[in-house]
Amino acid sequence: QVQLVESGGGSVQAGGSLRLSCAASRYTYSSAYMGWFRQAPGKEREGVAGIYIGGGSTTYADSVKGRFTISQDNAKNTVYLQMNSLKPEDTAMYYCAATGYYGRYYPHLMLLKTTYNYWGQGTQVTVSS
């Protein structure tokens, strides 16, 4: 069973930074997507960033472009989300997600929650003004 474990959440003031990590175990796909989603209270879960681990291509939601960066460390089977210039509206539970095999990079699929098969338990990010 694939397991995704997030870490790195916390509380920070507006303008600050956090780095989230997602460690994947028993995940052997070399051509697939991994992504970060978030869900604020009373809102739908939304895609934030995705990475095609077969080639490294990335996709971002407009709301985080230029502030967040997704990256991967294949040796550690870990995906990161570097979040800079955080805003109060970034406050949410952040979830790591992964797919099964995808042979190509389809950017229009990477921020859709229905694309993903595996989910972590989430890590809370709180940004105060």
Residue pair Gly103 / Ser31: nearest heavy atoms and the distance that separates them | CA-OG, 3.6 Å
Any chain of hydrophobic side-chain contacts (each under 4.5 Å) joining Val79 to Tyr118?
-> yes
Out of curiosity, Cys22 SG to Gln3 CD, how far, rounded to the nearest 0.5 Å?
-> 10.0 Å
Hits for salt bridge (Lys or Arg N to Asp or Glu O under 4.0 Å) against Arg67, two or more places apart or cross-chain, chain-then-number order -> Asp90
More than 12 foreign heavy atoms under 6.0 Å from CD of Gln124: is that the case here?
-> yes
Step-by-step side chain to side chain contact (heavy atoms under 4.5 Å, CB included) determination, Glu6 to Leu20 = CA-CA 7 Å; Glu6 304 97 333; Leu20 306 183; over 6 Å; no
Scan for salt bridge (Lys or Arg N to Asp or Glu O under 4.0 Å) pairs involving residues 120-129, sequence neighbours excluded, and state none if there are none.
-> none
Heavy atoms of Val48 and Leu81 approach each other most closely as CG1-CD2, 4.4 Å
Sequence neighbours left out, what pairs pass salt bridge (Lys or Arg N to Asp or Glu O under 4.0 Å) with at least one residue falling in residues 15-25?
-> none
Partners meeting salt bridge (Lys or Arg N to Asp or Glu O under 4.0 Å) with Lys43 (sequence neighbours left out) = none
Consider only side-chain heavy atoms of I, L, V, M, F, W and Y, link residues closer than 4.5 Å, and tell whether Ile70 and Tyr106 are in one cluster.
-> no
Which atom of Ser129 lies closest to which atom of Ala14, heavy atoms considered = CA-CB, 4.3 Å
Whether Asn77 side chain and Ala24 backbone form a donor-acceptor pair below 3.5 Å | yes
Side chain to side chain contact (heavy atoms under 4.5 Å, CB included) between Met110 and Tyr116: does it pass, once the steps are laid out?
-> CA-CA 8 Å; Met110 295 185 75; Tyr116 292 81; 4.1 Å; yes
All side chain to side chain donor-acceptor pair (under 3.5 Å) counterparts of Thr59, not counting sequence neighbours | Tyr105
For Tyr33, enumerate each residue passing the ring pair (Phe, Tyr, Trp, His ring centres under 6.0 Å) test, keeping only those at least two apart in sequence or located in another chain.
-> Tyr52, Tyr102
Starting at CD of Gln121, measure out to SG of Cys96 and round the result to the nearest 0.5 Å.
-> 11.5 Å
Side-chain contact, heavy-atom cut-off 4.5 Å: Leu4 with Met34?
-> yes
Got a sec, which residues hit side chain to side chain donor-acceptor pair (under 3.5 Å) with Ser17, two or more places apart in sequence or on another chain?
-> Asn84
So, does Thr58 use its side chain to make a donor-acceptor pair with the main chain of Ile51 at under 3.5 Å?
-> no
Do other residues, nucleotides or ligands put more than 12 heavy atoms under 6.0 Å from Arg104 CZ?
-> no
All pairs passing ring-ring contact (aromatic ring centres under 6.0 Å, His included) where residues 76-96 contributes a residue, at least two apart = none
Please list, chain by chain and in numerical order, all residues satisfying side chain to side chain donor-acceptor pair (under 3.5 Å) with Glu89, sequence neighbours excluded.
-> none
Could you pull out all residues at least two apart from Tyr27 that satisfy ring pair (Phe, Tyr, Trp, His ring centres under 6.0 Å)?
-> Tyr29
Salt bridge (Lys or Arg N to Asp or Glu O under 4.0 Å) partners of residues 48-65, not counting sequence neighbours, each pair once = Asp62-Lys65
Does Lys113 have any salt bridge (Lys or Arg N to Asp or Glu O under 4.0 Å) partners at least two apart in sequence or in another chain, and if so, which?
-> Glu44
Quick one: pull up CG in Leu86 and OG1 in Thr126 and give me the separation to the nearest 0.5 Å.
-> 10.5 Å
Identify whether Tyr101 and Leu112 are in the same connected component of the hydrophobic contact network (ILVMFWY, side-chain heavy atoms under 4.5 Å).
-> no
Which pair of heavy atoms, one from Ser128 and one from Pro88, lies closest together, and at what distance?
-> C-CG, 4.5 Å
Chi angles and distances behind the side chain to side chain contact (heavy atoms under 4.5 Å, CB included) call for Tyr60, Leu111 | CA-CA 8 Å; Tyr60 296 93; Leu111 298 184; 5.8 Å; no
Going from CD1 on Ile53 to OG1 on Thr99, what distance comes out if it is rounded to the nearest 0.5 angstrom?
-> 7.0 Å
Report the distance from atom CZ of Arg38 to atom CZ of Phe68, rounding to the nearest 0.5 Å.
-> 5.5 Å
Starting at CH2 of Trp119, measure out to CZ of Arg45 and round the result to the nearest 0.5 Å.
-> 5.0 Å
